[in-house]
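Working notes, structure below.
Letters A, B, ... mirror the listed sequences (proteins, then strands); counts begin at 1.
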Amino acid sequence: MASRPGTCRQTVRSRMSRSPKLIIAAAALATLVASAALAGGPSEKTEAKIETKAPQRFNIGRAPSAEEIRGWDIDVRPDGQGLPVGKGSVAQGEKLFMDNCASCHGEFGEGAGRWPVLAGGKGSLTADNPVKTVGSYWPYASTLFDYVRHAMPFGSPQSLKVDEYYALVAYVLYLNDVVTDQNFELSNSNLSTIKMPNEAGFIMDDRATSEKAFWQKDPCMKNCIAPVKITGRATAVDVTPEDKDGKPRGVE
Amino acid sequence: MSKDKSLPSAPRASRRGFLTAAGGLAATALAPQARAGAGNPANQPPNVPEWTRTLGEGVAVRPYGKPSKFEKDVVRRDVEWLTASRESSVSFTPLHELEGIITPNGLCFERHHGGVADVDPADHRLMIHGLVDRPLLLSLDELKRYPRVNRIHFMECAANSGMEWRGAQLNGCQFTHGMIHCVQYTGVSLRTLLEEAGVKTNGKWLLVEGADSASMDRSLPIEKALDDCIIAYKMNGEALYPEQGYPMRLVVPGWQGNLWVKWLRRIKVGDQPWQTREETSKYTDLLPNGKARRFTWAMDAKSVITSPSPQAPIRHGKGFTIVSGLAWSGSGKVKRVDVSLDGGRNWWPARLDGPVLDKALTRFYYEFDWNGEPLLLQSRVQDESGYVQPSKAELRKVRGYNSIYHNNGIQTWHVQANGEVENVEVA
């Protein structure tokens with residue numbers, strides 16, 4: 001098959017404007033024809049090269065509809081992007097919390113058993129046993145809304161209405177003294193204005209500088225430290241789960 | 001091995017059967033044949049064993065194979081007191097029973113936040129939207145039509161060894177270091193999909209979200225997404241296991257496991273991080289001054305001796321002994337591993353065996369003639385960036401005791417004269 005490159009290019013141009021899908025195929029065809037013209041005919045080598053060349057786009061899958069995106073697009077950012085239209089008060093949230101959350105988190109967010117403590121812990125972050133709660137630790141109120149709506153109530157996530165999630169978040173903020181008025185109403189218009197107590201408590205990962213001592217050294221091999229002694233044993237704490245048969249296995 | 005009460009046990013009081021049984025190892029050390037005696041002597045030479053004189057099972061009796069029934073204890077295990085529920089919990093890989101660098105799919109540790117999602121692949125969809133030119137909705141079959149990559153990587157929970165910050169707590173590297181696994185992933189380069197969708201110039205971050213009951217969401221910087229991330233649908237050649245995110249998960253080589261979102265359903269491109277619960281309240285590292293590091297994504301170089309270890313004591317007594325361990329780094333390849341027998345005073349180079357791959361587990365060995373004296377066994381890795389695994393004391397000096405995550409300090413195993421091994425701290 002021999003056609004003049006000029007003719008072919010014209011065809012390409014006329015198709016380009018109609019269908020972007022055809023650009024790649026047409027461009028490849030143009031290249032093939034041009035190469036073929038130079039070589040005096042299509043060679044096996046040239047054809048193989050073109051066949052294995054990946055297209056710029058694969059056109060696999062389809063675009064989701066606006067409605068499809070809306071159903072899953074539930075994330076919320078500190079600047080308020082993503083907040084759904086809605087509102088809920090502390091008082092409304094208290095009832096919802098008792099019905100849906102208190103069995104794990106306690107009526108006042110104090111936690112039950114090993115379930116997470118939600119309130120309290122202020123000033124504990126430098127203590128021996130820090131208590132990391134929404135009030136003592138979380139930097140952004142948006143995070144609370146994002147998480148509660150994504151994953152709570154535990155076992156039946158995304159089961160409440162948007163207004164109910166606002167109310168629940170309002171109540172948890174109230175438990176943490178972030179808002180102090182029982183009549184406070186949280187909404188999509190005021191959530192991003194709420195400042196959390198520990199917002200300034202976070203720094204970026206600085207291991208590359210603060211832990212520089214761990215880098216670029218020749219590991220010591222002989223007499224590196226004074227002879228050591230055992231200073232602690234796991235058996236002192238004794239919390240290792242039992243083996244089923246009570247025996248360690250082991251190498252022969 | 002049987003417990004023989006007539007023989008002396010270790011002179012260490014314990015209320016636990018685990019240790020009582022371990023004490024019985026003294027007998028094994030004295031009589032190396034003891035454990036073999038647990039079988040049936042009628043099967044041993046000079047006799048011809050029963051399995052030689054009868055036909056075994058035919059093919060496909062077990063259409064999906066299982067380990068030998070004699071390996072029934074090589075399983076994932078959990079620590080019940082760790083968490084409030086079974087659905088938001090963790091189980092640990094039995095590192096002490098494994099060799100090489102590949103973790104069998106059924107033994108990869110689990111960490112779920114809302115249980116294992118039971119996803120029908122026919123209904124599962126991956127959505128890519130946000131700051132892109134062409135939003136995408138893909139089925140599993142469609143994902144599989146994109147060009148494939150195969151990569152071997154370790155996946156470590158940032159909280160691996162987190163229970164050991166304040167001191168030795170758990171007797172077994174399954175529990176101290178078992179929140180790690182290493183498999184070969186097959187999938188699509190995330191870059192390929194992002195190029196297909198066409199990220200806008202202000203697209204700097206990705207929100208990645210799972211389809212399980214926790215709908216785990218995390219922010220991922222675009223540089224990493226375009227570098228080496230994979231959307232995987234196979235592990236070690238077969239479909240992902242449900243516990244590992246079937247039918248598709250994100251693979252973020254070298255970075256903390258929490259980012260490797262399982263049951264991946266949505267990727268949204270944005271211009272800011274989302275500050276999700278996982279990356280603010282959870283995976284941030286509290287320092288002694290009350291400030292917390294955030295976005296501590298990369299896992300630092302770390303190593304551990306898997307055998308001998310508390311669950312894998314030395315049973316053969318003194319003589320030729322194999323120390324086997326694992327080393328890895330989230331910053332690249334393992335460059336070297338050294339082993340100490342005296343708690344870090346003197347070190348000897350270990351032998352790396354098998355492939356040494358980027359952001360993958362590396363197997364090391366140190367073989368020596370044990371004279372039967374107690375040992376304080378340690379391993380120390382250096383990665384290709386030059387980073388040297390710190391001692392626990394060095395690490396605590398910078399980070400205190402409350403960081404929970406990223407504990408990569410050097411582990412010490414105390415090998416006693418009777419071959420029993422315990423988890424200890426030294427100074």
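- For Pro288(B), the part lying near chain A is the backbone, with the side chain staying farther off; criterion is any non-hydrogen pair under 4.5 Å.
- Lys222(A) forms a cation-pi arrangement with Trp348(B), by the criterion of a distance under 6.0 Å to the ring centre and an angle within 45° of the ring axis.
- When Pro219(A), Ala226(A), Pro130(A) are compared by the number of non-hydrogen pairs under 4.5 Å with chain B, Pro219(A) comes out ahead.
- Of all heavy-atom pairs between Gln169(B) and Val237(A), the closest is OE1-CG1, 3.6 Å.
- At a threshold of 4.0 Å, the pair Asp271(B)-Arg77(A) counts as salt-bridged, since one of the basic side-chain nitrogens sits closer than that to a carboxylate oxygen.
- No cation-pi contact links Arg114(A) to Trp81(B), judged by a cut-off of 6.0 Å to the six-membered ring centre and 45° from its axis.
- Here the side chains of Ser88(B) and Phe154(A) are in contact, with some heavy-atom distance below 4.5 Å.
- Proximity to chain A (any heavy atom under 4.5 Å) is restricted, for Asp78(B), to the backbone atoms N, CA, C and O.
- Scanning all heavy atoms of the two residues, the minimum distance from Gly344(B) to Cys224(A) falls at O-CB, 3.8 Å.
- Heavy atoms closer than 4.5 Å to chain A are found in the side chain of Arg336(B), but not in its backbone.
- In this structure, chain A has a heavy atom under 4.5 Å from the side chain of Arg380(B), while its backbone stays farther away.
- Options Glu279(B), Gln275(B), Lys291(B) differ in how many heavy-atom pairs under 4.5 Å they form with chain A, and the most are formed by Gln275(B).
- With a 4.5 Å cut-off on non-hydrogen atoms, Lys217(A) touches chain B through its backbone and its side chain both.
- Asp338(B) touches chain A through its side chain: at least one heavy atom from C-beta onward sits under 4.5 Å away, while N, CA, C and O do not.
- Note on His414(B), Lys397(B), Gln272(B): by heavy-atom pairs under 4.5 Å with chain A, the leading option is Gln272(B).
- Counting only heavy atoms from C-beta outward, the side chains of Trp115(A) and Ser85(B) approach each other to under 4.5 Å.
- The candidate from Gly82(A), Pro227(A), Ala112(A), Ala127(A) with the greatest count of non-hydrogen atom pairs under 4.5 Å with chain B is Pro227(A).
- The two residues Pro64(A) and Leu137(B) have their closest heavy-atom pair at CD-N, 3.8 Å.
- For Pro273(B) against Pro78(A), the heavy-atom pair with the smallest separation is O-CD, 4.4 Å.
- Proximity to chain A involves both the backbone and the side chain of Pro349(B), based on heavy atoms less than 4.5 angstrom apart.
- In this structure, Thr231(A) contributes its side chain and Glu425(B) its backbone to a donor-acceptor pair below 3.5 Å.
- Of the listed residues (Arg125(B), Met163(B), Gln174(B)), the greatest number of heavy-atom pairs within a distance under 4.5 Å of chain A belongs to Arg125(B).
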side-chain contact (heavy atoms from CB on, under 4.5 Å) assessment of Asp342(B) paired with Val228(A): CA-CA 8 Å; Asp342(B) 56 8; Val228(A) 297; over 6 Å; no
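- Contact annotation for Gln382(B): only side-chain heavy atoms (C-beta onward) come within less than 4.5 Å of a heavy atom of chain A.
- Of the listed residues (Ser210(A), Cys220(A), Gly155(A), Pro116(A)), the one with the most heavy-atom contacts under 4.5 Å to chain B is Cys220(A).
- With respect to chain B, the highest number of heavy-atom pairs below 4.5 Å among Thr126(A), Leu125(A), Thr143(A), Ile203(A) belongs to Ile203(A).
- When each of Val398(B), Leu82(B), Thr296(B), Ile128(B) is checked for heavy-atom pairs under 4.5 Å with chain A, Thr296(B) comes out on top.
- Between Arg77(B) and Pro241(A), some side-chain heavy-atom pair lies under the 4.5 Å cut-off.
- Under the 3.5 Å distance criterion, the side-chain polar atoms of Arg277(B) are left unmatched by any main-chain donor or acceptor of Leu144(A).
- A 4.5 Å side-chain heavy-atom check between Leu395(B) and Phe214(A) finds at least one atom pair inside the cut-off.
- For a residue to count as touching a neighbouring chain, one of its non-hydrogen atoms must lie under 4.5 Å from one of that chain's; by this rule Val76(A) touches chain B with the backbone only.
- With chain A as the partner, the residue from Ala84(B), Gly386(B), Ala168(B) showing the most heavy-atom pairs under 4.5 Å is Ala84(B).
- Contact annotation for Leu170(B): both backbone and side-chain heavy atoms come within less than 4.5 Å of a heavy atom of chain A.
- When heavy atoms are compared at a cutoff of 4.5 Å, Arg345(B) approaches chain A by way of both its backbone and its side chain.
- For a residue to count as touching a neighbouring chain, one of its non-hydrogen atoms must lie under 4.5 Å from one of that chain's; by this rule Phe295(B) touches chain A with backbone and side chain alike.
- When Ile69(A), Asn198(A), Asp73(A) are compared by the number of non-hydrogen pairs under 4.5 Å with chain B, Asp73(A) comes out ahead.
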Residue pair Tyr137(A), Leu286(B): steps toward the side-chain contact (heavy atoms from CB on, under 4.5 Å) verdict: CA-CA 10 Å; Tyr137(A) 198 68; Leu286(B) 188 57; 4.1 Å; yes
Criterion side-chain contact (heavy atoms from CB on, under 4.5 Å) on Arg145(B) and Phe58(A), from CA distance to verdict: CA-CA 9 Å; Arg145(B) 289 178 56 207; Phe58(A) 301 91; over 6 Å; no
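- Of the possible donor and acceptor atoms, none in the side chain of Asn171(B) sits under 3.5 Å from a partner among the backbone N and O of Thr240(A).
- For Asp205(A) and Arg294(B), the salt-bridge test fails: no basic side-chain N is under 4.0 Å from an acidic carboxylate O.
- Of the two parts of Glu68(A), the backbone and the side chain both hold a non-hydrogen atom closer than 4.5 Å to a non-hydrogen atom of chain B.
- For Val79(B), the parts lying under 4.5 angstrom from a heavy atom of chain A are both the backbone and the side chain.
- When heavy atoms are compared at a cutoff of 4.5 Å, Leu193(B) does not approach chain A at all.
- Taking OG from Ser215(B) and CZ from Arg149(A), the interatomic distance works out to 10.5 Å, rounded to the nearest 0.5 Å.
- Across Gly343(B) and Ile225(A), no two heavy atoms sit closer than the pair O-CD1, 3.8 Å.
- Using a 4.5 Å heavy-atom cutoff, the side chains of Asp75(A) and Arg266(B) are in contact.
- In this structure the side chain of Leu376(B) reaches within 4.5 angstrom of the side chain of Ile230(A), judged on heavy atoms.
- Taking a cutoff of 4.0 Å between a charged side-chain nitrogen and a carboxylate oxygen, Glu142(B) and Arg62(A) do not qualify as a salt bridge.
- Heavy-atom distances place the backbone of Thr83(B), and not its side chain, under 4.5 Å from chain A.
- Of the listed residues (Asn223(A), Ile74(A), Ile60(A)), the greatest number of heavy-atom pairs within a distance under 4.5 Å of chain B belongs to Ile60(A).
- When heavy atoms are compared at a cutoff of 4.5 Å, Trp138(A) approaches chain B solely by way of its side chain, counted from C-beta outward.
- With a 4.5 Å cut-off on non-hydrogen atoms, Asp218(A) does not touch chain B at all.
- With respect to the salt-bridge test (charged N to carboxylate O, under 4.0 angstrom), the residues Asp206(A) and Arg293(B) qualify.
- Heavy-atom distances place the backbone of Asn289(B), and not its side chain, under 4.5 Å from chain A.
- Closest approach of Phe202(A) and Thr280(B) over heavy atoms only: CE2-O, 3.7 Å.
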Glu211(A) vs Arg399(B), salt bridge (Lys or Arg N to Asp or Glu O under 4.0 Å): CA-CA, chis, key distance, verdict: CA-CA 10 Å; Glu211(A) 298 180 1; Arg399(B) 301 197 198 157; 2.6 Å; yes
